[in-house]
There are 4 protein chains.
Amino acid sequence: MQSRTRSTRAGRPRSATADAAILAATRAALVELGWSRLTLGDVATRAGVAKTTLYRRWAGKNELVVDAVAELFDELRLPDHGSLAADIEGVVLQFAAILDRPEARSGLMAVVAESTRDEALRERIRTSIVDRQKRLVLEGRARARSRGELPPEPAPEEAARTADLIFDMVAGAVVHRTLISAEPADEQWVRGFTRILLTGLAAHSPSGGPSLLEELGGI
Amino acid sequence: MQSRTRSTRAGRPRSATADAAILAATRAALVELGWSRLTLGDVATRAGVAKTTLYRRWAGKNELVVDAVAELFDELRLPDHGSLAADIEGVVLQFAAILDRPEARSGLMAVVAESTRDEALRERIRTSIVDRQKRLVLEGRARARSRGELPPEPAPEEAARTADLIFDMVAGAVVHRTLISAEPADEQWVRGFTRILLTGLAAHSPSGGPSLLEELGGI
Amino acid sequence: MQSRTRSTRAGRPRSATADAAILAATRAALVELGWSRLTLGDVATRAGVAKTTLYRRWAGKNELVVDAVAELFDELRLPDHGSLAADIEGVVLQFAAILDRPEARSGLMAVVAESTRDEALRERIRTSIVDRQKRLVLEGRARARSRGELPPEPAPEEAARTADLIFDMVAGAVVHRTLISAEPADEQWVRGFTRILLTGLAAHSPSGGPSLLEELGGI
Amino acid sequence: MQSRTRSTRAGRPRSATADAAILAATRAALVELGWSRLTLGDVATRAGVAKTTLYRRWAGKNELVVDAVAELFDELRLPDHGSLAADIEGVVLQFAAILDRPEARSGLMAVVAESTRDEALRERIRTSIVDRQKRLVLEGRARARSRGELPPEPAPEEAARTADLIFDMVAGAVVHRTLISAEPADEQWVRGFTRILLTGLAAHSPSGGPSLLEELGGI
DNA sequence: TCATAAGCGAGACGGTACGTCAGGTCTTCCA
DNA sequence: TGGAAGACCTGACGTACCGTCTCGCTTATGA
């Protein structure tokens, strides 16, 4: 079969374990050295791999770190605390906890900085990190609707636009708080943030506002 | 006298124009090359200055770029469009316009990335950029109060905390939209963002809410 | 029988054509690239052979090039021009012509250079090239004796020593002229060289000298 | 003055001691490692110098080794043993002794090999080594003439051609004996070589022959 | 006839050195 | 004494080959 011929190509196959070892070594190096002092030679040594093997699989430091950091955000889970407010607070605290880890802190901002001059890298970040975590917004919104906390689904286009906006507001606020303002995103901050966001969201819809506002008023 | 001895020390005085030339050259280099390919040797050449002169005034690339970028944000002005909503939309669009300029895009994120492992740099960013632009929040809030769009000043501590939160939400959302999501912060996005933020803010205060909500409902 | 078991072992026999293809590819690569830029991977590709096949038959670049170059010198023939002087001139010109070919020029000197630190390689050069071409000296001397141009054979030990010396003088002079002085070994040079050598040789023997000297005097 | 402006240029001047240290380190590395395993990084380390300093002064390994080896041959001196034969034997033995030193053995042949594909390197070898040592031939011939061992100076053009030829014969024979045949150039070999060469040379000239032949006959 | 065994192509692998580049320091001369 | 010029040491870069290895496949012999 052609597919067999394609998949089982001639030559020694690539080591399956090397990828995982390299990504783990990259995160370890980020913890110890940070982005700017991280070198691919050092990563290769830590992973017990030759530099050439590393370059055979990633184009450079940027691409490697995107992949290493992206895996971190896959740990995010949307908890079920019974209310949308509590769920948001929970996921925001998780996000803040990840951004508190040194391998995420310096890695994420650095690749974003590099991506401003590299379209391919920008796309890779979008694919591996941004779009991948938007699932949390979609999942949270669906659950809130099933609880009756949010009005029914608007037109698809509008829904997508709002999901993007919410994601920018949530992720942006946490990133700015922890990395740019460089202050802790502690419970108090998270509660204040969530209250403003949710109030805004509830009122934004024509129908579902009042009851939610009343509920929030009691916090 | 001591003061004269200090300010007018023996020997040739430092060139006054050199600093401005160096910062301008730094921004020019950021535009052409971006952060990672910017070299201090190149900046020195562009500024018509020796490398030693540059190192005598800045500790390194990070500090130099912070100063070069900080000047960009001083251009931000709080416009008076008659309502808080319009004022916020105006300043957010200005902010987005600055983040669209290549010298800001790659420079800002890069120094933030470096600052995650450098306390002094973190402090420098806070002083030169973050705290410096919080003036916009304070000024905007004061003007809104004088218009009656927001309730009177709460306790000072609470006021400061809220100002920080608003700044994180505004700046964070714009940064995330433009640099991480890498989508344009166009008028539609800004209007949606402002509506959610303002609604949340108005409801957050016990008294000032209803009238604002009614006003926004008409948009 | 053991010998049959040894020579006709089980398994696929080595490809007979591969050796010739590899040596030819080696010479082609020497012509195009010279010694230092010649790579075994490239030779393998040119020969349409895998790198492993090449390493199964030669220990490395040195051994391969010795064999590739040695074949070139097997082209040397001792011409019969009627006199020892003319015969020597003929073979010297042939030798110079071979050393003018790029595959010989860079290959020969390079393996000699490597052989200074590698006894096995030194032995391989002696066997494959040096001793192999001494036949020309022996053959020429025998023919000259049969013509009466040289005195009868001295003691075997002395004969061997003299043959070595003559070979060093002839080959050495041509090598030095063409490769180190980097001047052409043209007819004028060859005639001058041959005259000095032959005069020296003739006088060196107790008896045969005078007649030869007289003959040479007329040139 | 212009010359002063040129020679005393701005900036830190090149370290005077570095060159000597680098050449000495090169020879030491040749002794220990030979040509092919010698690396410029290692030479730089041995010399206590940065790799960039080395590359600032030499274009590559070839040029560096030519200079390092050339210094070795400057040690050659033409001894005065009272007769041309003895003088030649003396200088040939010195030459053989130098070619017995590992730094000369592998270095010399290697750069000659490289020079077959590099005209600039060929010229450098000619200038730094070949032409430089031809002085020995000229000096020896002049001394022999003053002793009456050789006929008076022929036409200048003819004299130059003969000097080149003699140099090729002497240097070539020694190089071939020691490096290609890989046999020792001991006293017996040197005596045999010198006898053939001198006889040839003496007979080559119309007048000076006979007496010299008689002298040599007694050896 | 079919298992056994070696050769073969392809290509990934751990290494080593390459030659270049930028960082930051230093040494010189000039203003 | 400040500044321009430029040489210096350090260390990482990304690339090229090295010689070895692991594959799946081919081609012989011999039980």
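Chain naming here is simple, since letters A, B, ... match the order of the sequence lines and numbering starts at 1 in each.
The existence of a salt bridge linking B:Asp118 and B:Arg122 is excluded, since no basic side-chain nitrogen approaches an acidic carboxylate oxygen closer than 4.0 Å. At a threshold of 4.0 Å, the pair B:Arg124-B:Asp67 counts as salt-bridged, since one of the basic side-chain nitrogens sits closer than that to a carboxylate oxygen.
At whole-Å resolution of the value, NZ in A:Lys61 and P in F:dA12 are 10 Å apart. Taking atom CG of residue C:Leu33 and atom P of nucleotide F:dA16, one finds them 14 Å apart after rounding to whole Å. Between the OH atom of D:Tyr55 and the C1' atom of F:dC8 there is a distance of 17 Å, rounded to whole Å. In this structure, D:Trp35 atom CH2 and E:dC18 atom P are separated by 11 Å, rounded to whole Å. When the P atom of E:dG23 is taken as reference, atom CZ of A:Arg37 falls 16 Å away, rounded to whole Å. Between C:Glu63 atom CD and F:dG19 atom P there is a gap of 10 Å when expressed in whole angstrom units. Per the geometry, CG belonging to D:Leu54 stands 17 Å off P belonging to F:dG11, to the nearest Å. Here the P atom of nucleotide F:dC9 and the CD1 atom of D:Ile22 are 8 Å apart, to the nearest Å.
In this structure, C:Lys61 contributes its side chain and C:Trp35 its backbone to a donor-acceptor pair below 3.5 Å.
Between C:Pro13 and A:Ser15, the one whose closest nucleotide on DNA chain E sits nearer the 5' end is C:Pro13. Nearer to the 5' terminus of DNA chain F, by closest-nucleotide assignment, is the contact made by B:Thr52 (compared with the other of D:Ala18 and B:Thr52). Along DNA chain E, the nucleotide closest to B:Gly60 and the one closest to D:Gly60 are compared, and the more 5′ of them pairs with D:Gly60. Take the nearest nucleotide of DNA chain F for A:Ala59 and for B:Gly48: the residue whose nucleotide is more 5' is B:Gly48.
Just one residue in the list C:Glu103, C:Glu32, C:Glu71 forms a side chain to side chain donor-acceptor pair (under 3.5 Å) with C:Arg27, and that residue is C:Glu71.
Remark: C:Arg56 is in phosphate contact with E:dC8, judged by side-chain N or O atoms under 4.0 Å from OP1 or OP2. Residue C:Thr53 has a polar side-chain atom (N or O) positioned under 4.0 Å from OP1 or OP2 of E:dG9. The phosphate of F:dG3 (OP1 or OP2) has a side-chain N or O of B:Arg57 nearer than 4.0 angstrom.
Between the side chain of D:Arg12 and the base of F:dC8 there is no donor-acceptor pair of N/O atoms closer than 3.5 Å. The base of F:dG6 lies outside donor-acceptor range of the side chain of B:Lys51, with no N or O pair under 3.5 Å.
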Exercise for review: Run the numbers on C:Trp58 and C:Leu23 for side chain to side chain contact (heavy atoms under 4.5 Å, CB included), then give the verdict.
Suggested key: CA-CA 11 Å; C:Trp58 283 276; C:Leu23 290 176; 3.8 Å; yes
